[in-house]
Amino acid sequence: MLIEEEKEEEHNVKTPKPSSSSANKDAADGFETASDGELGPNESDDETQHHVQLEETDDLAFKQKSLEQANEVKLEGNGLFGNGHYEEALSKYELALQLAPDMPSSVELRSICHSNRAICFSKLGKYDDAVKEFTKALELNPSYMKALIRRAEAHEKLEHFEEAIADMKKILELDPSNDQARKAIRRLEPLAEAKREKMKEEMIGKLKDMGNSLLGRFGMSVDNFKAVKDPNTGSYSVSFQR
């Protein structure tokens with residue numbers, strides 16, 4: 001389809017030449033005329049605005065092209081992941097992140113690439129790295145359900161039971177009907193409690209060793225001291241026994 005361009009009509013208007021006396025009068029009155037090469041303020045502003053618009057258009061086109069390239073590289077990473085080439089897939093997802101421009105329309109792509117990198121790390125048994133990548137994905141998209149579920153699984157592998165429970169509770173906030181998250185919380189809570197008790201025992205053991213090291217200089221040990229609970233007040237008192 002041809003686009004018709006609107007042409008302005010040309011008007012042949014003859015402008016009378018000023019007489020020499022009129023020109024002399026203008027010069028005497030201090031009247032100055034712009035030279036042919038000078039631009040008025042409106043013309044200058046229009047030209048600047050035109051250049052700005054061109055730059056913005058070029059920048060948008062460049063970002064859009066970069067986003068398309070990033071998506072293509074991400075798909076290459078998916079293919080490598082599907083064939084079990086996790087290290088190579090990691091490199092592709094990293095390249096896609098480098099190509100993806102910092103703009104709102106690329107947030108989803110970048111979030112997915114971080115999540116996919118995390119899954120690769122999980123497949124390689126690098127759960128610490130997986131948690132870091134899932135966290136980056138969730139920083140871009142806090143309601144990314146799959147990333148939350150998989151980060152919880154990575155936390156569980158690391159025996160970070162409290163953190164895994166926190167992720168599952170976040171899933172329930174987003175989706176109260178999620179039975180998988182509810183069951184996971186019930187399963188993880190006893191594990192978290194057992195870990196807390198184990199950490200408490202380890203801490204008491206270290207304190208006991210430290211106390212014995214100090215009291216040993218005086219021929220005593222922490223076993224010489226016994227904590228007795230008052231049944232009336234519930235408070236404890238320490239007694240020394242030989």
Side-chain angles (χ1 to χ4, degrees), residues 60 63-64 66-82 84-87 89-204:
L60 183 60
K63 287 182 176 180
Q64 188 60 39
S66 298
L67 182 58
E68 292 173 1
Q69 291 175 339
N71 192 59
E72 290 174 2
V73 173
K74 184 205 76 171
L75 293 176
E76 292 175 9
N78 291 350
L80 290 166
F81 178 89
H85 303 309
Y86 304 123
E87 293 283 1
L90 277 169
S91 299
K92 288 294 183 180
Y93 294 134
E94 178 61 27
L95 177 58
L97 285 166
Q98 292 175 5
L99 288 170
D102 186 9
M103 57 190 297
S105 58
S106 72
V107 169
E108 182 180 5
L109 172 66
R110 287 185 285 133
S111 180
I112 290 172
C113 285
H114 280 300
S115 180
N116 287 355
R117 278 177 57 80
I119 297 170
C120 288
F121 281 127
S122 294
K123 291 289 186 181
L124 294 168
K126 299 179 180 180
Y127 298 109
D128 281 316
D129 291 324
V131 168
K132 291 176 183 177
E133 288 294 326
F134 280 131
T135 300
K136 290 178 181 178
L138 288 162
E139 286 172 354
L140 291 166
N141 182 8
S143 60
Y144 196 167
M145 294 280 286
K146 289 183 179 179
L148 278 168
I149 292 171
R150 288 166 179 162
R151 187 173 70 173
E153 292 171 352
H155 274 309
E156 185 175 355
K157 292 289 186 181
L158 294 167
E159 296 188 356
H160 299 165
F161 302 120
E162 298 282 359
E163 291 84 349
I165 290 171
D167 280 344
M168 290 300 176
K169 287 182 177 180
K170 179 63 178 178
I171 291 169
L172 283 178
E173 290 178 14
L174 296 170
D175 179 16
S177 64
N178 194 306
D179 289 332
Q180 179 185 354
R182 191 172 287 103
K183 290 177 181 177
I185 291 172
R186 286 199 297 266
R187 178 176 55 80
L188 290 167
E189 282 179 339
L191 297 175
E193 179 62 27
K195 184 179 179 181
R196 284 193 295 268
E197 288 300 319
K198 182 180 178 182
M199 291 177 66
K200 188 188 299 181
E201 290 175 3
E202 290 176 352
M203 186 179 296
I204 292 173

Participant: What's the separation between atom CE in M168 and atom CD in Q180, rounded to the nearest 0.5 Å?
Facilitator: 6.0 Å
Participant: Checking L75 against N78 for the side-chain contact (heavy atoms from CB on, under 4.5 Å) test, could you report, in this order, the C-alpha distance in whole Å, the side-chain angles of both residues, the deciding distance, and whether it holds?
Facilitator: CA-CA 5 Å; L75 293 176; N78 291 350; 4.0 Å; yes
Participant: Any chance you could measure L138, atom CG, to D167, atom CG, to the nearest 0.5 Å?
Facilitator: 7.0 Å
Participant: How long is the span from the CG atom in L158 to the CD atom in E156, to the nearest 0.5 Å?
Facilitator: 10.5 Å
Participant: Minimum heavy-atom separation for A130 to A154, with atom names?
Facilitator: CB-CB, 4.4 Å
Participant: Take L97 and R117 through the side-chain contact (heavy atoms from CB on, under 4.5 Å) test and state the conclusion after the steps.
Facilitator: CA-CA 10 Å; L97 285 166; R117 278 177 57 80; 3.9 Å; yes
Participant: Going through the checks in order, is the side-chain contact (heavy atoms from CB on, under 4.5 Å) test met by N178 and M145?
Facilitator: CA-CA 11 Å; N178 194 306; M145 294 280 286; 3.9 Å; yes
Participant: Scan the side chains in residues 99-108 for donor-acceptor partners under 3.5 Å anywhere in the protein, sequence neighbours excluded, and list what turns up.
Facilitator:
from	atom 1	to	atom 2	distance (Å)
S106	OG	P101	O	2.5
S106	OG	M103	O	2.9
S106	OG	R110	NE	3.2

Participant: I need the full list of ring-ring contact (aromatic ring centres under 6.0 Å, His included) pairs touching residues 89-141, with sequence neighbours left out, sorted by first then second residue.
Facilitator: none
Participant: May I have all residue pairs that pass ring-ring contact (aromatic ring centres under 6.0 Å, His included) and include part of residues 155-189, sequence neighbours excluded?
Facilitator: H155-H160
Participant: Between L95 and Q98, is any pair of side-chain heavy atoms under 4.5 Å apart?
Facilitator: yes
Participant: Atom CG of L140 and atom SG of C113: how far apart are they, to the nearest 0.5 Å?
Facilitator: 10.5 Å
Participant: Look at E159 together with K198 and state whether they make a salt bridge at an N to O cut-off of under 4.0 Å.
Facilitator: no
Participant: Please step through side-chain contact (heavy atoms from CB on, under 4.5 Å) for the pair L90 and E87, ending with a clear verdict.
Facilitator: CA-CA 5 Å; L90 277 169; E87 293 283 1; 4.0 Å; yes
Participant: How long is the span from the CD1 atom in I112 to the NZ atom in K74, to the nearest 0.5 Å?
Facilitator: 5.0 Å
Participant: Is a salt bridge present between R196 and E193, judged by a nitrogen-to-oxygen distance below 4.0 Å?
Facilitator: yes
Participant: Applying side-chain contact (heavy atoms from CB on, under 4.5 Å), can you list everything that pairs with N141, at least two apart in sequence or on another chain?
Facilitator: S111, S143, Y144
Participant: Is any side-chain heavy atom of I119 less than 4.5 Å from a side-chain heavy atom of N116?
Facilitator: yes
Participant: Give me the one residue out of E76, H85, E72 that meets side chain to side chain donor-acceptor pair (under 3.5 Å) with K92.
Facilitator: E76
Participant: Show me the donor-acceptor pairs, under 3.5 Å and distance only, between side chains in residues 169-177 and residues at least two apart or in other chains.
Facilitator:
from	atom 1	to	atom 2	distance (Å)
D175	OD1	S177	N	3.3
D175	OD1	S177	OG	2.7

Participant: Does atom NZ (K195) have a neighbourhood of more than 12 heavy atoms from anything else shown, all under 6.0 Å?
Facilitator: yes
Participant: Using side-chain contact (heavy atoms from CB on, under 4.5 Å) as the criterion, list what pairs up with E68, not counting sequence neighbours.
Facilitator: Q64, K65
